[in-house]
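Report on the structure given below.
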Amino acid sequence: MTYANALADFITQHPKLFVLTGAGISTQSGIPAYRDANGHWQSPPPVQHREYIQQVSVRQRYWGRSLAGWHTLRDAQPNPAHKVLRALEAAGYIELLVTQNVDRLHQKAGSQQVIDLHGRADQVACIECNYQITREEMHTRCRAMNPHFLTPRSAPRPDGDADFETDFSAFTVPNCPHCGGVMKTCVVFFGDNVPKTVVYSSIDALEQSHALLCIGTSLQVFSGYRFNRHAQQIGIPQAALNKGVTRADDMLDLKLDADITNTLEQTADLLNLQWR
């Protein structure tokens, strides 16, 4: 039996899925993943929430590098894997899609029942008064306040910045124009917590589902792994389609260590989905 046959059978047997996606589903769209197939960091870990809030130097580095890297997320387009999940939802197979990604590619592909577990990278908000602007506007302000700051050609990173180092000490970071507070992307940084309302609504949907399907995630971060633990506690079957190990391997009823896009394309064809 092929990987696609196994996944198609799993979906047919459990036609009301709670789907959890991670960075591996967006790599074909040009967005690099955080971890390799062994679950190890491929580059230095992302910025920590507390450090960003407390240290001006961290914010200077974050926004300076973002000027060089944001276009990777901004310009990324859904790939066939996103389109297959849209088609699965349209065919009634998906109860809820929860993504750990902040790239909004599921929404661009047309999926409707989506929760952005870690927020969205295209919006920026004041941590004090919640004044909001787009990421594009924040970058426009950064460029206006730092006309002599040069961004070199550099490798993009998963979270919308770029992989380069320079002297950021003279970089001016715009504060909130309303209250002077710290402006931050509407993303749950490492060390911060997913809002409880998001967690509770996701758990409710999981409990209404027939099975949990994880795609493109090693589940190393607890915010996603909690769904595997809860599924195990309430006896919901679990499957994962991911290149390499996952933290939940010992919980899975079906583990597919296979190419994500090809497997989903073939699965969609087996299920006669209109996804192209």
Side-chain angles (χ1 to χ4, degrees), residues 21-36 40-53 55-79 81-82 99-109 116-127 132-175 182-192 216-218 220-221:
T21 67
I25 202 169
S26 293
T27 53
Q28 191 174 328
S29 295
I31 302 173
Y34 286 107
R35 301 176 188 269
D36 61 21
H40 301 143
W41 292 110
Q42 297 193 111
S43 57
V47 64
Q48 296 290 313
H49 176 79
R50 179 174 294 184
E51 293 176 356
Y52 180 90
I53 299 303
Q55 300 178 34
V56 173
S57 61
V58 173
R59 298 197 293 275
Q60 290 173 315
R61 182 173 179 268
Y62 180 87
W63 288 108
R65 287 169 39 138
S66 288
L67 289 181
W70 166 240
H71 66 88
T72 301
L73 258 68
R74 181 196 65 200
D75 298 339
Q77 295 299 314
N79 64 58
H82 298 101
T99 183
Q100 298 171 98
N101 301 335
V102 297
D103 52 37
R104 302 283 289 179
L105 289 182
H106 288 298
Q107 290 88 342
K108 286 184 180 180
D116 296 309
L117 189 65
H118 296 151
R120 52 189 295 179
D122 60 344
Q123 297 288 329
V124 180
C126 173
I127 66 169
Q132 294 193 18
I133 58 175
T134 66
R135 182 81 170 250
E136 287 294 321
E137 185 175 349
M138 182 68 174
H139 287 181
T140 298
R141 295 182 183 185
C142 284
R143 292 189 183 93
M145 297 175 72
N146 300 276
H148 303 296
F149 182 79
L150 300 177
T151 54
R153 292 180 62 86
S154 50
R157 286 168 53 90
D159 43 8
D161 68 359
D163 195 11
F164 73 91
E165 295 297 340
T166 188
D167 181 6
F168 296 99
S169 62
F171 191 89
T172 301
V173 179
N175 289 327
V182 171
M183 298 293 288
K184 173 183 167 293
T185 55
C186 296
V187 167
V188 178
F189 283 177
F190 278 73
D192 195 9
T217 173
S218 62
Q220 298 299 319
V221 179

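Keep in mind it's a predicted model, so treat the numbers as computed, not measured.
Using a 4.5 Å heavy-atom threshold, the side chains of Ile53 and Phe189 count as separate. Residues Val47 and Val58 meet the side-chain proximity criterion, which asks for heavy atoms closer than 4.5 Å.
The OH atom of Tyr52 sits 8.5 Å away from the CD1 atom of Ile127 when rounded to the nearest 0.5 Å. Atom-to-atom distance recorded for Cys142:SG and Arg135:CZ is 9.5 Å, nearest 0.5 angstrom. Atoms CZ and CD, on Arg141 and Glu136 in that order, are 13.0 Å from each other to the nearest 0.5 Å. Here the CD-CZ distance, from Gln60 to Phe149, works out to 10.0 Å after rounding to the nearest 0.5 Å. Atom NE2 of His118 and atom CZ of Phe190 lie 7.5 Å apart (nearest 0.5 Å). Put simply, NE2 on His82 and CD on Gln28 are 9.5 Å apart, with the number rounded to the nearest 0.5 Å.
Under a 3.5 Å cut-off, the side chain of Ser26 and the backbone N or O of Ala23 do not form any donor-acceptor pair. In this structure, Ser29 contributes its side chain and Ile31 its backbone to no donor-acceptor pair below 3.5 Å. Asn175 places no side-chain N or O within donor-acceptor distance of the main-chain N or O of Val182, the cut-off being under 3.5 Å. The backbone N or O of His49 lies less than 3.5 Å from no partner atom in the side chain of Lys184, so there is not a single donor-acceptor pair. In terms of modelled atom types and a separation under 3.5 Å, the side chain of Gln123 and the main chain of Cys186 share no donor-acceptor contact. For the pair Asp103 (side chain) and Leu105 (backbone), a donor-acceptor distance under 3.5 Å is present. Side-chain atoms of Asn79 come within 3.5 Å of backbone atoms of Ile25 as a donor-acceptor pair (strictly under, hydrogens ignored). For the pair Asn146 (side chain) and Thr172 (backbone), a donor-acceptor distance under 3.5 Å is present.
Using a cutoff of 4.0 Å between basic side-chain nitrogens and carboxylate oxygens, Asp116 and Arg104 are scored as salt-bridged.
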Practice problem: Could you check Asp122 against Trp70 for side chain to side chain contact (heavy atoms under 4.5 Å, CB included), going step by step and ending with a plain yes or no? | Solution: CA-CA 9 Å; Asp122 60 344; Trp70 166 240; 3.9 Å; yes
Exercise. Report the C-alpha separation of Phe171 and Arg61 in whole Å, then their side-chain angles, then the decisive distance to 0.1 Å, and conclude whether the side chain to side chain contact (heavy atoms under 4.5 Å, CB included) test is met.
Key: CA-CA 8 Å; Phe171 191 89; Arg61 182 173 179 268; over 6 Å; no
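When every heavy atom of Pro78 is checked against every heavy atom of Lys108, the shortest pair comes out as CG-CB, 3.6 Å. In plain terms, the two heavy atoms of Gln132 and Ala125 that are nearest each other are CG-CB, 3.6 Å. Considering all non-hydrogen atoms of both residues, Leu73 and Ala121 come closest at CD2-CB, 3.8 Å. Ala68 approaches Thr151 most closely through the heavy-atom pair CB-CB, 3.7 Å.
Note on ring orientation: taking the six-membered ring where Trp is involved, the planes of His139 and Trp63 are perpendicular (angle over 60°, cut-offs 30° and 60°).
Not counting sequence neighbours, the partners of Arg50 by the side-chain contact (heavy atoms from CB on, under 4.5 Å) test are Gln54.
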